[in-house]
Amino acid sequence: MKVKFLGDSKLKNSLVSKSRMSLWMIRAITILLLWSCCVHLVAVGGMWGPRLLKGWPSCFNSHHDLPMASQEMTSLPMKIALPPKRLYQNNGYLMVSCNGGLNQMRAAICDMVTIARYMNVTLIVPELDKTSFWNDPSEFKDIFDVDHFITSLRDEVRILKEILPLVKKHKVLHLNKTDTRLANNELPVEVQKLRCRVNFNGLRFTPKIEELGRRVVKILREKGPFLVLHLRYEMDMLAFSGCSHGCNRYEEEELTRMRYAYPWWKEKVINSELKRKEGLCPLTPEETALTLSALGIDRNVQIYIAAGEIYGGKRRLKALTDVFPNVVRKETLLDSSDLSFCKNHSSQMAALDYLISLESDIFVPTYYGNMAKVVEGHRRFLGFKKTIELNRKFLVNLIDEYYQGLVSWEVFTTRVKAFHATRMGGPKKRLVIPNKPKEEDYFYANPYECLQLLHENDSGNSLDETI
């Protein structure tokens with residue numbers, strides 16, 4: 001648009017000057033308005049983020065929006081606005097005694113909060129299992145941040161730390177076996193989302209565990225990318241499952257004695273080789289080394305083993321460390337004094353491994369147990385972080401063919417890569433098998449109802465990106 005000025009030069013210069021000043025003012029006001037809108041959008045996003053189940057960039061929940069370096073420099077806790085309390089007529093109290101290992105109990109706690117919410121009852125902070133094989137004396141407060149658990153969920157359900165003086169005066173429902181209480185599928189979306197909210201927001205580990213996890217991740221990151229290997233090859237796992245492939249005769253007898261020593265392990269007579277062929281055994285260290293190599297994992301990458309003591313020790317691990325020399329554990333990265341508070345507390349050790357597993361570049365479980373499933377689902381929620389879902393039945397049969405000389409290394413690695421190309425923890429629907437909940441996909445491994453805000457067509461994972 002052209003403007004033609006009429007009159008003398010002074011008037012013309014005056015009009016030009018005013019025009020420029022008006023343009024500058026419009027720009028300034030526009031910038032201020034845009035800045036104000038951004039501030040309000042950020043505030044609203046922070047308020048509704050947990051409600052909409054947005055993924056967080058890190059598993060360390062105390063300062064989600066700060067980079068790692070800033071977190072280490074910050075000693076004061078951030079003030080986070082608490083959600084308003086939900087007001088409802090209390091129908092009684094729900095007491096919960098969880099059973100199993102850490103991740104079985106974690107999933108159960110999420111279900112119990114959801115049940116309490118829809119029964120309109122008050123939940124008592126769950127009691128953890130102290131009588132199982134691990135004999136772990138840890139209380140809820142030793143692993144999870146109790147105050148955060150109570151306050152972060154107060155707009156859904158009322159949670160109390162204890163109720164002993166009130167037991168005789170009020171209606172109390174006590175559940176002492178909490179695993180698999182809610183169905184995986186065919187539940188209202190709001191129920192599924194509440195399970196996610198408890199899991200990904202309400203259950204925060206204690207500051208001491210989170211700080212130690214942050215330290216381990218920093219140590220690993222200083223040397224580059226790292227892979228977490230959930231190598232389920234502990235003695236109790238092998239004894240319980242009856243899997244003894246690769247063990248010598250003495251070890252087989254030792255595992256059998258252990259299985260018979262625990263009456264709650266119902267299956268006693270087990271055909272180890274038949275079970276292995278069906279893909280029901282954890283991969284051995286030798287099978288794991290072959291599989292990782294076939295997948296194209298860089299031999300120099302750091303491999304953090306998230307597990308207890310490996311059965312057979314260094315002798316059995318040698319097949320893995322010969323191929324991947326940078327194998328580390330929390331015990332090798334930290335001083336013994338750093339781990340003293342959780343010594344003989346298996347659930348606290350598992351919590352530390354859980355945090356490090358979430359932060360890894362790749363997570364690889366060698367057995368599809370509770371930790372593998374829950375971590376897989378949590379990594380999906382964090383943005384479909386790469387989790388290699390190994391098919392053990394396919395692998396052990398192919399490995400046997402390779403050992404027998406029936407397939408070359410080139411054929412072996414090509415088949416392994418091709419089979420697992422779509423098993424990288426990307427978006428997918430759960431497999432639903434009516435009336436067979438143990439055979440269908442586990443909700444907490446793939447809570448896709450809570451991932452709807454993420455781009456469904458972008459898995460962010462492929463074998464070509466393998467480190």
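In what follows, every heavy atom counts, from backbone to side chain, and hydrogens, waters and symmetry copies are set aside. Each residue takes its place number in the sequence, starting with 1.
- A donor-acceptor pair shorter than 3.5 Å cannot be found between the side chains of R276 and N271.
- Scanning for salt bridge (charged side-chain N to carboxylate O under 4.0 Å, His left out) contacts around R221 gives D361, with sequence neighbours left out.
- For the atom pair CG of L160 and CD1 of I124, the computed distance is 4.5 Å after rounding to the nearest 0.5 Å.
- Taking C281 as the reference, C243 meet the disulfide bond (SG atoms under 2.5 Å apart) condition, with sequence neighbours excluded.
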Between L355 and V217, does the side-chain contact (heavy atoms from CB on, under 4.5 Å) criterion hold? Intermediate values first, please. CA-CA 9 Å; L355 286 173; V217 170; over 6 Å; no
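- Atoms CD1 and OG1, on I143 and T206 in that order, are 8.5 Å from each other to the nearest 0.5 Å.
- Environment of CZ in F140: crowded, with over 12 heavy atoms of neighbouring residues, nucleotides or ligands closer than 6.0 Å.
- Side-chain contact check for V328 versus L220: some heavy-atom pair is nearer than 4.5 Å.
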Pair N326-I303, side-chain contact (heavy atoms from CB on, under 4.5 Å): steps then yes or no: CA-CA 6 Å; N326 295 322; I303 295 182; over 6 Å; no
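- When all heavy atoms are compared, the tightest approach of F384 to G426 is CD2-C, 3.7 Å.
- In this view, R430 and E449 satisfy the salt bridge (charged side-chain N to carboxylate O under 4.0 Å, His left out) rule, not counting sequence neighbours.
- Outside the 6.0 Å centre-distance limit, the rings of H230 and Y367 are not counted as a close aromatic pair.
- Listed here is the closest heavy atom pair of K277 and V396: CA-CG2, 4.3 Å.
- Annotation: E222, atom CD; neighbour count of heavy atoms from other residues, nucleotides and ligands within 6.0 Å is above 12.
- Contact annotation: the side chain of E251 approaches that of Y311 to within less than 4.5 Å [non-hydrogen atoms, C-beta and beyond].
- A donor-acceptor pair is defined here as one N or O able to donate and one able to accept, closer than 3.5 Å; such a pair exists between the side chain of R329 and the backbone of G308.
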Check against side-chain contact (heavy atoms from CB on, under 4.5 Å), V375 and T387: CA-CA 9 Å; V375 168; T387 300; 5.8 Å; no
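- Taking the six-membered ring where tryptophan is involved, the planes of F381 and H378 are perpendicular, since the angle between them exceeds 60° and thus also 30°.
- Residues P427 and Y448 fail the side-chain proximity criterion, which asks for heavy atoms closer than 4.5 Å.
- Between the side chain of E287 and the backbone N or O of T284 there is at least one donor-acceptor pair closer than 3.5 Å.
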Dump the intermediate steps for side-chain hydrogen bond (donor to acceptor under 3.5 Å, both in side chains) on S347 and D136, then the final yes or no. CA-CA 7 Å; S347 290; D136 187 340; 3.3 Å; yes
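- V228 places none of its side-chain heavy atoms less than 4.5 Å from the side chain of L358.
- Between R232 and E234 there is a salt bridge, since a side-chain N of the basic residue sits under 4.0 Å from a carboxylate O of the acidic one.
- Defined by atom type and a distance below 3.5 Å, a donor-acceptor pair is present between the side-chain atoms of E440 and N184.
- Under a 4.0 Å N-O distance rule, the pair K330/D353 qualifies as a salt bridge.
- Here the closest non-hydrogen pair linking A239 and L255 is CB-O, 3.5 Å.
- The pair K161-D147 counts as a salt bridge, with a side-chain nitrogen and a carboxylate oxygen less than 4.0 angstrom apart.
- The CG atom of L231 lies 6.5 Å from the CG atom of L317; values are rounded to the nearest 0.5 Å.
- Among residues two or more places apart in sequence or in another chain, the side chain to side chain donor-acceptor pair (under 3.5 Å) test is passed with K428 by E389.
- Two rings, from F226 and Y304, have their centers 6.0 Å or more apart.
- The two residues Q348 and C342 have their closest heavy-atom pair at CB-CB, 3.5 Å.
- Side chain of Q104 to main chain of N99: a donor-acceptor pair is present (N/O by atom type, distance under 3.5 Å, no hydrogens or angles).
- Across all non-hydrogen atoms, the minimal contact from V191 to L187 is CG1-CD1, 4.2 Å.
- Between the side chain of D335 and the main chain of D338, no donor-acceptor pair closer than 3.5 Å is present.
- Using a cutoff of 4.0 Å between basic side-chain nitrogens and carboxylate oxygens, R380 and E376 are scored as salt-bridged.
- For the side-chain contact (heavy atoms from CB on, under 4.5 Å) criterion with R197, the lone passing option out of L203, L153, T114, V113 is L153.
- Judged by distance alone, with hydrogens and angles left aside, the side-chain atoms of N397 form a donor-acceptor pair with the main-chain N or O of K393 at under 3.5 Å.
- In this structure, K208 forms a cation-pi arrangement with F341, its terminal cationic atom sitting closer than 6.0 Å to the ring centre and no more than 45° off the ring axis.
- The shortest distance between side-chain heavy atoms of I109 and M112 does not fall below 4.5 Å.
- Side-chain atoms of S244 and L238, non-hydrogen and from C-beta on, never get closer than 4.5 Å to each other.
- Rounding to the nearest 0.5 Å gives a distance of 12.5 Å between CD1 of I388 and OG1 of T366.
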Given I159 and V146, is the side-chain contact (heavy atoms from CB on, under 4.5 Å) satisfied, shown in steps? CA-CA 10 Å; I159 304 175; V146 181; over 6 Å; no
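- By the 4.0 Å N-to-carboxylate-O rule, E190 lies too far from R195 to be salt-bridged with it.
- The SG atoms of C450 and C196 sit under 2.5 Å apart.
- Under a 3.5 Å cut-off, the side chain of R392 and the backbone N or O of G279 do form a donor-acceptor pair.
- For K130, the NZ atom sits in a packed shell: over 12 heavy atoms of surrounding residues, nucleotides or ligands are nearer than 6.0 Å.
- Here D129 contributes atom CG and S138 contributes atom OG; the two are 11.0 Å apart, rounded to the nearest 0.5 Å.
- A salt bridge links R117 and E156; the closest N-O separation between the charged side-chain nitrogens and carboxylate oxygens is under 4.0 Å.
- Checked against side-chain contact (heavy atoms from CB on, under 4.5 Å), Y260 has the following partners two or more places apart in sequence or in another chain: T256, K268, V269.
- The residues E139 and K141 are annotated as not salt-bridged, no charged nitrogen and carboxylate oxygen being separated by less than 4.0 angstrom.
- Applying the side-chain contact (heavy atoms from CB on, under 4.5 Å) rule to V121 yields the partners N90, N91, L94, A116, M119; only residues at least two apart in sequence or on another chain are considered.
- Under the 30°/60° scheme for interplanar angles, the aromatic rings of F144 and F205 are found to lie parallel.
- Atom CD of E309 sits in a sparse spot, with 12 or fewer heavy atoms from other residues, nucleotides or ligands closer than 6.0 Å.
- At least one donor-acceptor pair closer than 3.5 Å links the side chain of R379 to the backbone N or O of S360.
- The two atoms that bring N199 and R106 nearest to each other are OD1-NE, 2.6 Å, heavy atoms only.
- Under the 3.5 Å distance criterion, with hydrogens and angles disregarded, a donor-acceptor pair is assigned to the side chains of Y444 and D111.
- Of the inter-residue distances, the one linking L390 atom CG with L283 atom CG reads 6.0 Å to the nearest 0.5 angstrom.
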